[in-house]
Amino acid sequence: MRQLAPALAVLLVAACAPTTQATRPTAAAVVAPAAGAPSASTPATQWLGDVRAISDAGANAQRRAAITQRMDAMGITWRKEAFVDGKRQGENLIADLGGPDGAPLLLIGAHSDRVELGKGATDNASGSATVLALAQRLRAQPLQHHRVAIAFWDLEEAGLLGSKAYVAAGKTKPALYVNFDVFGWGDTLWMMAPAQGQQALVDNSRTATGAVGIGFSPGEQYPPTDHLPFIRAGWPAVSYSLVGADEIKLVLEAYAGKKPAAPAKVMAVIHSDKDTIDQVDASAAVRGVDAVEKALRGWDAAAPAAATGMSANGQ
């Protein structure tokens with residue numbers, strides 16, 4: 001999550017020549033757990049383990065390696081897409097999960113990079129772990145009317161560069177991009193939802209959060225993150241965070257330049273040496289994942305079968 005950075009201050013992508021390299025999981029990557037390791041894990045322990053692996057990995061390249069190792073273990077074929085923005089070089093990770101042939105694309109993503117302070121557990125290993133959790137569920141039980149891909153963006157913290165490069169490269173326009181940034185604790189699913197469009201997903205999110213017993217707060221006001229390049233290109237996009245209900249107003253005040261008497265937890269944690277795994281709450285995060293999965297399945301089920309035609313970039 002970009003902290004206190006106005007949306008218009010983001011750098012424009014100067015050059016973008018993606019290099020794609022597909023990687024299939026090796027046999028060694030999908031063997032049984034090592035001796036002494038649990039044979040199965042709960043959703044909460046798996047999510048927490050993914051956050052730990054990513055946040056403990058080190059620099060951004062090592063964080064991506066932790067993510068690819070997890071995808072290998074799930075049997076997911078992934079690819080690297082390199083990009084250049086001025087003097088900055090980055091590398092997105094993309095994986096196709098499958099779905100009905102010819103169906104429109106649901107793209108789910110999160111940024112994998114972090115700032116130098118802290119370990120980036122909340123910002124944004126939590127979001128990356130949430131994408132991995134959804135990937136596991138959506139591969140086990142595919143959607144009816146959409147094929148699904150996942151993405152892990154590089155250099156979000158440098159100006160949303162990875163997601164901007166993806167959009168600028170002329171990729172397939174998704175029916176919807178769903179972003180996750182800061183998904184580590186709390187009792188409320190916070191959703192960036194445009195005023196026009198995506199009402200079906202908003203309605204399904206409200207129903208789903210009620211079913212799992214957490215709050216729901218949709219609206220256009222939301223911190224700048226990787227949904228923005230999609231929206232600026234006219235591509236449908238939303239973003240989710242999981243935070244405390246009392247934090248949302250304080251976060252928005254901070255991004256508006258105001259100084260709340262006491263900062264929201266998220267503003268005190270991200271981009272600081274406090275951003276460690278000790279801050280996250282795996283049980284809360286899995287309730288959030290449950291809600292989003294229910295919402296996406298409801299949204300997909302309601303999609304008209306006759307409208308499932310693949311859209312090209314900008315068409």
Arg297 and Leu138: CA distance, side-chain angles, deciding distance, side-chain contact (heavy atoms from CB on, under 4.5 Å) verdict:
CA-CA 9 Å; Arg297 291 194 185 281; Leu138 295 176; 3.6 Å; yes
Leu161 and Asp154: side-chain contact (heavy atoms from CB on, under 4.5 Å), yes or no, with the steps?
CA-CA 7 Å; Leu161 301 187; Asp154 197 8; over 6 Å; no
Please report the C-alpha distance between Trp47 and Thr130 in whole Å, then the side-chain angles of each, then the deciding distance to 0.1 Å, and finally whether the side-chain contact (heavy atoms from CB on, under 4.5 Å) criterion is met.
CA-CA 7 Å; Trp47 181 90; Thr130 297; 3.2 Å; yes
Can you check side-chain contact (heavy atoms from CB on, under 4.5 Å) on Gln136 and Arg70, steps first, answer last?
CA-CA 10 Å; Gln136 186 171 28; Arg70 175 72 175 120; 3.4 Å; yes
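Electrostatic pairing of Asp290 and Arg137 counts as a salt bridge here, judged by a charged N lying under 4.0 Å from a carboxylate O. Under the 4.0 Å criterion applied to side-chain N and carboxylate O atoms, Glu157 and Arg114 are not assigned as salt-bridge partners. Here Arg147 does not pair with Asp96 in a salt bridge; the nearest charged N to carboxylate O distance is not below 4.0 Å. Using a cut-off of 4.0 Å between Lys/Arg side-chain N and Asp/Glu carboxylate O, Glu253 and Lys259 are scored as not salt-bridged.
Between Pro236 and Pro174, the shortest heavy-atom distance links the atoms CD-O, 3.8 Å. Across all their heavy atoms, Asn60 and Asp113 have their closest contact at OD1-CA, 3.3 Å. For the pair Ala135 and Ile76, the tightest heavy-atom approach, listed with the atom from each and the gap, is CB-CD1, 4.2 Å. Of all the heavy atoms in Val202 and Ala193, the pair that sits closest is CG2-CB, 3.6 Å. Scanning all heavy atoms of the two residues, the minimum distance from Arg63 to Gly120 falls at NH2-O, 3.1 Å. Heavy atoms only, all atoms of each residue included: Val51 and Ala129 are closest at CG2-CB, 3.5 Å.
Using a distance-only test at 3.5 Å, with no hydrogens or angles considered, no donor-acceptor pair links the side chain of Gln198 to the main chain of Val238. Between the Gln46 side chain and the Pro43 main chain, no donor and acceptor come within less than 3.5 Å of each other. Panel note: side chain Thr207, backbone Asn204; no donor-acceptor pair is recorded below 3.5 Å. Under a 3.5 Å cut-off, the side chain of Thr209 and the backbone N or O of Ser205 do form a donor-acceptor pair. Distance alone, capped at 3.5 Å, places no donor-acceptor pair between the Glu81 side chain and the Ile94 backbone. Looking only at distances, a side-chain donor or acceptor of Ser128 sits under 3.5 Å from a matching main-chain atom of His111. Proximity of a side-chain donor or acceptor of Ser126 to a complementary backbone N or O of Phe183 within less than 3.5 Å is detected. With hydrogens and angles disregarded, no donor-acceptor distance shorter than 3.5 Å links the side chain of Arg139 to the backbone of Gly98.
Remark: the Tyr222 side chain and the Ser241 side chain contain an N/O donor-acceptor pair separated by less than 3.5 Å. For the residue pair Gln279/Asp275, the side-chain donor-acceptor check at 3.5 Å is not satisfied. Side-chain contact of His271 with Asp123: a donor-acceptor pair under 3.5 Å is present, judged by distance alone. Trp299 and Asp203 are not linked by any side-chain donor-acceptor pair at a separation below 3.5 angstrom, with hydrogens and angles left out of the test. No donor-acceptor contact under 3.5 angstrom links the side chains of Ser112 and Trp153, judged on distance only. Of the N and O atoms on the side chains of Trp190 and Gln221, not one donor lies less than 3.5 Å from an acceptor on the other residue. Judged by distance alone, the side chains of Asp300 and His145 never bring a donor and an acceptor atom under 3.5 Å apart.
Looking at heavy atoms from C-beta onward, Leu189 lies in side-chain contact with Val292 at the 4.5 angstrom threshold. You'll find the side chain of Arg88 reaches within 4.5 Å of the side chain of Leu155, heavy atoms only. The shortest side-chain heavy-atom distance between Trp78 and Ile67 does not fall under the 4.5 Å cut-off. A 4.5 Å side-chain heavy-atom check between Leu143 and Val148 finds at least one atom pair inside the cut-off. In this structure, the side chains of Tyr166 and Phe83 stay at 4.5 Å or more apart for every pair of heavy atoms. Side-chain atoms of Leu176 and Leu107, non-hydrogen and from C-beta on, never get closer than 4.5 Å to each other. Taking the side chain as every heavy atom from C-beta outward, His146 and Leu105 never approach each other to under 4.5 Å. Residues Glu247 and Trp185 form a side-chain contact, since some pair of their non-hydrogen atoms from C-beta on lies under 4.5 Å apart.
Surrounding CD of Gln89 are at most 12 heavy atoms belonging to other residues, nucleotides or ligands under 6.0 Å away.
Distance CD/Gln62 to CZ/Arg64: 8.5 Å, rounded to 0.5 Å. Lys274 NZ to Thr122 OG1: the interatomic distance, rounded to the nearest 0.5 Å, is 12.0 Å. Going from atom CG of Leu242 over to atom CZ of Arg287 covers 8.5 Å, rounded to the nearest 0.5 Å. Taken from NZ in Lys258 to NZ in Lys249, the straight-line distance is 8.0 Å, to the nearest 0.5 Å. Asp226 CG to Ile231 CD1: the interatomic distance, rounded to the nearest 0.5 Å, is 11.5 Å. One distance of note links OH of Tyr177 with CD1 of Ile108; it measures 9.5 Å at 0.5 Å rounding.
Linking ILVMFWY side-chain heavy atoms closer than 4.5 Å, directly or via other members, places Val266 and Ile277 in two distinct hydrophobic clusters. Taking hydrophobic clusters as Ile, Leu, Val, Met, Phe, Trp and Tyr residues chained together by side-chain heavy-atom distances below 4.5 Å, Leu132 does not share a cluster with Val286. Tracing side-chain contacts under 4.5 Å through hydrophobic residues (I, L, V, M, F, W, Y), one never reaches Leu250 starting from Met191; they form parts of separate clusters. Ile214 and Phe216 fall within a single hydrophobic cluster, where Ile, Leu, Val, Met, Phe, Trp and Tyr are joined by side-chain heavy atoms under 4.5 Å apart, directly or via other members. In the hydrophobic cluster analysis, where Ile, Leu, Val, Met, Phe, Trp and Tyr join through side-chain heavy atoms closer than 4.5 angstrom, Met192 is grouped together with Val182.
Under the side-chain contact (heavy atoms from CB on, under 4.5 Å) rule, Phe152 has a single partner from Asn92, Asn124, Val131, which is Val131.
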